[in-house]
Number of protein chains: 2
Amino acid sequence: MAETLETFLAARTARPADPVALAEPVPLEALPTPALVVDVAALDRNLRAMQGFLEARGVGLRPHAKMHRCPVVARRQLALGAIGVCAAKVAEAEVLRAAGIERILVTSPVTAPQAMERLAALAARSEDVRVVVDDAGAAARLGEAARAAGTELAVLVDLDPDMGRTGIARGAPALELVRTVVATPGLRFTGLQQYAGQLQHLTDAVERRARSREAMEAGLETRALVEADGHPVDVFTGGGTGTFDVDSEIDGVTDLQCGSYAFMDEEYGAVHQGGSDRFAAFEPALFLLSTVISRPRPGAVTVDAGIKSLATDAARPVPLDLPGVRYRFAGDEHGVLIAGEGAPLPALGDRVRLLTSHCDPTVNLHDWLYPVRDGLVHELWPVAARGCSW
Amino acid sequence: MAETLETFLAARTARPADPVALAEPVPLEALPTPALVVDVAALDRNLRAMQGFLEARGVGLRPHAKMHRCPVVARRQLALGAIGVCAAKVAEAEVLRAAGIERILVTSPVTAPQAMERLAALAARSEDVRVVVDDAGAAARLGEAARAAGTELAVLVDLDPDMGRTGIARGAPALELVRTVVATPGLRFTGLQQYAGQLQHLTDAVERRARSREAMEAGLETRALVEADGHPVDVFTGGGTGTFDVDSEIDGVTDLQCGSYAFMDEEYGAVHQGGSDRFAAFEPALFLLSTVISRPRPGAVTVDAGIKSLATDAARPVPLDLPGVRYRFAGDEHGVLIAGEGAPLPALGDRVRLLTSHCDPTVNLHDWLYPVRDGLVHELWPVAARGCSW
C-alpha cells in the first residue's frame, strides 16, 4: 500500500505517547538489558525543586523537552506549573502536540520550506506554538508560510550570546530584525530568546556566574533597545540547568528553558562539584541498567552496553555502587569495567547501574524508559519523539 | 489496556520491516532534514564487490547486520549469496527473524536468564540460529535454557584475539571450553569465532596485514588443537571490513563478518587512505542530508544535524562537495561548518551532504533510511532493529 511521505511522517509523529501499563509489575532484575531506568521519586523531587525555586523568584519554567523527548515527563512538568515546553525541532513539537501539549516554543531557527509549512500547520491547530528567527529572509518566508496556512505565527528573535551557533548579533542588528518581524504579515513579534549553551557546563561556579550574568545583561540591553523602539517584549527566555540560579535573579528574564535538571547526568554532576550549592537540589534520576556478559581478563569485565546505549559525546558513564571501577567504551554493544587496585568487580551475569554522561543524547537512543518505584516497574514510558530531529 | 513486558517486547521486535512504497517519488531536495540517505547504486556495487571477492577465494560472507539493523539490506545481502547474517544482540536477531531471515549468528555472549530464554525460543522457531559462548558456567545455563525450550542450540566458542572484550583465551582454556560445550546437553558445538576489532581501523596497511594474519593464525592453532581432540570445527568465523583481504587468504577461515563495507564511512575511508588497494572497491553509500539554518558569524554556517543525527564516537563527519570546509558538533541538533581561508560556504536554506564518521551508530539514530536512485526516493527502508540492543 503506497502512501505519501507526508502521511508517513504524520503517522510517525502521532505514535502512542501514553504510559503503557504492565499487567504485572516487573522487578529491576527481570528487565532485559541494556535498560534505561528512571527513578520516579528522584525525578519528581527534581521537577518540584526547579519549579519551586523559579516560582519563588517569579520566573517561569519552560522546560526543554528535547532532553527527555517523552510526553509523559512533559505532562508532569506542566502539571507542576511549567508555562509551556520547548522543542528543538518541528517534528519534536509535532509529537508533543499529538500528545495533547499545546504550548510549545521551537528553539531552533527553521529555514526549509517544508519545515516552515509543517510549523505553520502546527501553529494553526495549537493554542500557542512559537518559533525563533535569526534572519530577515527566513522571517519573510516564515510569514508567507503562516499566511498560506491561514494563521499568524508568534515569533521570538533569537540573540547570539557570542556562542556562534544560532542567533543574530545583539544591539542594532537584532533591533533591525525585530522591526522586520513586526512589519511582516503572518508574524507576531512576542519576544527574545538568548541561550548561552557554552556557559552551562563551566565547572568554576564563580566564572559561570559572572559570565552568565554578563551575557544576560547584554541580552537585556537589547531588550531595552527593542522596547524603546515601541515593541513590547513579552518573553525573554533562555538559561539552562547550569545557570538557572544566576539567570533567575536578573530582572527582565521572564522564563528559563532548563532540561537536564529533571534527569541529571555526569556532566552536570561535574558542574555541581564546581561549587554551586543550588545543584544540591538535583539528583541523578536516570541510569542505564546493564549486565556483565564476559570476563576477558583479570581486573576487567565486559557489560552489554556500549555506543548504541550510551551517549559518547561527553565524559564517560560512571558505574554506580562500584568504587574504584571505571567504564570504557568498547564498541557498539560493549563497555569494559576496569578495576582500580583492590577494587572488587561484579560477577558474570551481575547487573551494573551506569550513570549516563549526557542525558539528552542517551535518552534519544532508547524507544522507551523504565520508570521504577521501590524496585518495581509498573509501566513503560514511550520516548515518543525519539529520533524526531527533522 | 495492560500487557506483559514479554508481549510488549515481542511486539517491538515484530515491527514492520518491509520497504514502505511512496505513492509519488520524492526528490532529495524535498526530504525533511536531517535525512539519512542511501545511494542504492553504490550500496549494490559494494554488496556485489565483497560477495564476489570472497566467493573467488572460497570464503563465505556472513555480513554483520548490526551495522544497518535493516532487514531490507540483509535480504539484499542474502540474495547475493551471503551464507547468513550476524546479529550483536538477541533483540536484533528477533527482528531479523520476524522479517523472515532464519540464518543468524549472535556474536556476543549472552548471560542474562531472560535473554537465554528468548534466544532458545528463537532458535526453536528458526532454521539456523547460533550463539557464541566464552564461559563454562554460561554454557551450562545456556544448555538448560535450550532444553527447557525443547531445542538444541548451535554454539561457537568465542576466542579473544588479545582484544580484552569478549572471548576465552586461545589454546588450553578454549579447548577446555569446547569440551564443556560438547558435554553439555542442549548445546551443539559447531565452531569458533574470533573477531579482532582492535585491528580493523589500523591505518597502516602493512601493520594491519601483519597483525591480522598473526591473530588469525593464533586462532587457527586453537582450531587445530580442537580438531585434534576430536571435535570438528565446521565454522571459523571472524574478520571485518578492515581486514577482509588479509583474513580471506588464510586457510581455515570459513567466513567473514564484514558489515561496514555496505555503507562505508569516514573511519574506513581513513583505513583506505592507509594504503590497502582492496578498499578501492568500496565507496560511501550513506550520507546525512542536512540544511543550513543559521549564519551566526562570518566564515561559519550552522546546519540542523548534531549529536542526535550523527555518531560522535569516531572522527568528525565530513561535508561533501565543500572543499576546505570542516564540520564541528555544536549540540544535540546543530553542527557548525567552518570555512578554511577562501573556501565558499553554502547559503541559508541550502542542503549539505555529510559523510558519516561511523556508520553503525549513525544508522542506529534513525528510524528509517531514504534510499535514493537518480536523485529520487521511491520508498523508505525501516531500520527495524534500531535500538534493539537488549
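So you know, we letter chains A, B, ... as the sequences are listed, proteins then strands, and number each from 1.
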* Nearest-0.5 Å distance that lies between atom CG in A:L310 and atom OG in B:S389 -> 10.0 Å
* Grab the two heavy atoms, one from B:D332 and one from A:D360, that are nearest each other, plus how far apart they are. => OD2-CB, 3.1 Å
* Structure fact -> From the list A:K89, A:E6, A:R118, side chain to side chain contact (heavy atoms under 4.5 Å, CB included) partner of B:P32 resolves to A:R118
* Heavy-atom pair count under 4.5 Å with chain A, highest-scoring of B:G349, B:S309, B:G387, B:A330 -> B:A330
* Is it the side chain or the backbone of B:E92 that comes within 4.5 Å of chain A heavy atoms, both, or neither? -> side chain
* To do: Give a yes or no on whether the backbone of A:A23 and the side-chain of B:T4 come within a donor-acceptor separation of less than 3.5 Å.
  => no
* Asked: What closest approach, in Å, do B:A112 and A:R351 show between heavy atoms, and which atom pair accounts for it?
  -> CB-NH2, 4.3 Å
* Structure fact -> Note: vs chain A, highest number of non-hydrogen pairs under 4.5 angstrom among B:T7, B:T33, B:V301 is B:T33
* For the side chain of A:R386 and the backbone of B:L365, is there at least one donor-acceptor N/O pair under 3.5 Å apart? -> yes
* Would you mind checking which part of B:A30 comes under 4.5 Å of any heavy atom in chain A, side chain (CB onward), backbone (N, CA, C, O), both or neither? => both
* Options B:D160, B:L31, B:V90, B:L348, ranked by heavy-atom pairs under 4.5 Å with chain A, top entry -> B:L348
* To do: Determine whether A:D313 and B:F329 make a side-chain contact, defined as any pair of heavy atoms from C-beta on separated by less than 4.5 Å.
  => no
* **Closest-packed option against chain A by number of heavy-atom pairs under 4.5 Å, given B:L5, B:I168, B:V292** => B:L5
* A:H334 versus chain B, the contacting section by heavy-atom distance below 4.5 Å -> side chain
* Can any side-chain N or O of B:T166 pair as donor or acceptor with the backbone N or O of A:T302 at less than 3.5 Å? -> no
* Do the side chain of A:K66 and the main chain of B:E333 share a donor and acceptor less than 3.5 angstrom apart? -> no
* Structure fact -> Between A:E29 and B:Q114 the two heavy atoms that sit nearest each other are O-NE2, 3.1 Å
* To do: Could you check which of B:D304, B:T291, B:V336 has the highest count of heavy-atom pairs closer than 4.5 Å to chain A?
  => B:D304
* Asked: In terms of heavy-atom pairs under 4.5 Å with chain A, which of B:D135, B:V26, B:D350 leads?
  -> B:D135
* Toward chain B, the part of A:R297 with a non-hydrogen atom under 4.5 Å -> side chain
* Identify the two heavy atoms, one from B:P296 and one from A:G164, that lie closest to each other, and give their separation to 0.1 Å. => CG-O, 3.2 Å
